[in-house]
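Here's the structure, in C-alpha cells; my notes come after.
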Amino acid sequence: MQKITQQEIILSTFVEAQNLEKILLEKVKEYGKETMDDQIKALLKQIEIMVKNHREDIKKAQKDMHISSIVKKNMSQEPLDMLQDLLKNLVNIQAFYNETIVNITNPYVRQLFTQMRDDVMRFISILQIEIESLESKPSIPNNTVLSRPEMS
C-alpha cells in the first residue's frame with residue numbers, strides 16, 4: 001500500500017473534524033428547540049456559535065493551504081490502494097458491529113446489527129479476494145520502456 005502523505009492525513013482530519021462539528025451543531029440546535037430554560041438556551045447558543053466558528057476556521061485553513069488541490073494531485077488512485085483502504089474501513093465497521101451486538105440485549109436491534117455486520121463481512125470477503133487477485137497479477141514496472149531496440 002502506498003504511503004499516506006501528510007496532506008492526505010490533514011485532509012482526512014479536516015473532513016472528520018467537520019463531520020464531528022456537524023453532529024454537535026445538529027444536537028445543539030435540537031436541544032435548543034426542546035428546552036425552555038433561558039440559561040441553558042444561552043449556553044447552547046454559545047456552543048452553536050463556537051461550532052460555526054470552528055467549521056469556518058476549518059474551511060479557511062483548507063482554502064489557505066490549498067490542501068484539496070494538493071491532495072488530488074498527490075493521491076494514489078491505484079485500484080489496489082483504494083481496495084485496501086476500503087477493506088480497512090470495512091474491518092473497523094465490522095468490529096464496531098461485533099462489539100455492539102455483545103452489548104445489546106434488545107432482540108430487534110441485535111438482529112438488525114447482526115444483519116448489518118454480516119453484510120459488511122460479505123464485502124470484506126469479496127474485497128479480500130479482489131485484493132489477492134490484484135496482488136498476484138504480474139505488473140510491468142513503470143520505469144521499463146517497452147519498445148523495439150534501435151539498430152545502430
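The first residue in the sequence is number 1, and the count goes up from there.
- Side-chain N/O atoms of Asn103 and Glu99 include no donor and acceptor closer than 3.5 Å.
- Summarising the hydrophobic clusters (Ile, Leu, Val, Met, Phe, Trp, Tyr; side-chain heavy atoms under 4.5 Å, direct or chained), the residues clustered with Val102 are none.
- Taken to the nearest 0.5 Å, the CG atom of Leu44 stands 9.0 Å off from the NZ atom of Lys41.
- Side-chain N or O atoms of Arg117 include none that pairs as donor or acceptor with a backbone N or O of Gln94 at under 3.5 Å.
- With values rounded to the nearest 0.5 angstrom, Leu90 atom CG is found 10.5 Å from Ser125 atom OG.
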Exercise for review: Take Met121 and Asp118 through the side chain to side chain contact (heavy atoms under 4.5 Å, CB included) test and state the conclusion after the steps.
Suggested key: CA-CA 5 Å; Met121 287 173 62; Asp118 292 347; 4.1 Å; yes
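- By the 6.0 Å contact criterion, CD on Glu132 is open, its count of non-hydrogen atoms from other residues, nucleotides or ligands being 12 or less.
- Leu20 and Ile47 are assigned to two separate hydrophobic clusters, defined by single-linkage of ILVMFWY side chains at heavy-atom distances under 4.5 Å.
- A distance of 8.0 Å separates CD1 of Ile49 from NZ of Lys52, quoted to the nearest 0.5 Å.
- Salt-bridge check for Lys60 with Glu56: failed, with every basic side-chain N at 4.0 Å or more from each acidic carboxylate O.
- The structure places CD1 of Ile126 at 12.5 Å from CG of Leu86, a figure rounded to the nearest 0.5 Å.
- A distance of 6.5 Å separates CD1 in Ile124 from CG in Leu87, rounded to the nearest 0.5 Å.
- Connection of Met50 to Tyr31 is established within a shared hydrophobic cluster, with ILVMFWY side chains joined at heavy-atom distances below 4.5 Å, either directly or through further cluster members.
- Tyr97 and Val120 make their closest contact through CE1-CG2, 4.2 Å (heavy atoms, listed as atom of the first residue, atom of the second, distance).
- From Gln84, atom CD reaches atom CG of Leu134 across 9.0 Å, with rounding to the nearest 0.5 Å.
- The main-chain N or O of Phe96 is found under 3.5 Å from a side-chain atom of Thr100 such that the two form a donor-acceptor pair.
- In the hydrophobic cluster analysis, where Ile, Leu, Val, Met, Phe, Trp and Tyr join through side-chain heavy atoms closer than 4.5 angstrom, Val109 is grouped together with Ile93.
- Looking at Lys29 and Leu25, their side chains come closer than 4.5 Å, going by heavy atoms from C-beta outward.
- For the side chain to side chain contact (heavy atoms under 4.5 Å, CB included) with Arg55, the qualifying choice from Val51, Ile58, Asn53 is Val51, the only one to do so.
- Between Lys45 and Glu48 a salt bridge is recorded (basic side-chain N to carboxylate O distance below 4.0 Å).
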Check your understanding: Is there a side chain to side chain contact (heavy atoms under 4.5 Å, CB included) between Met116 and Leu112 once you walk through the steps?
Key -> CA-CA 6 Å; Met116 292 165 78; Leu112 175 67; 3.8 Å; yes
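- Side-chain atoms of Thr35 do not come within 3.5 Å of backbone N or O of Gly32 as any donor-acceptor pair.
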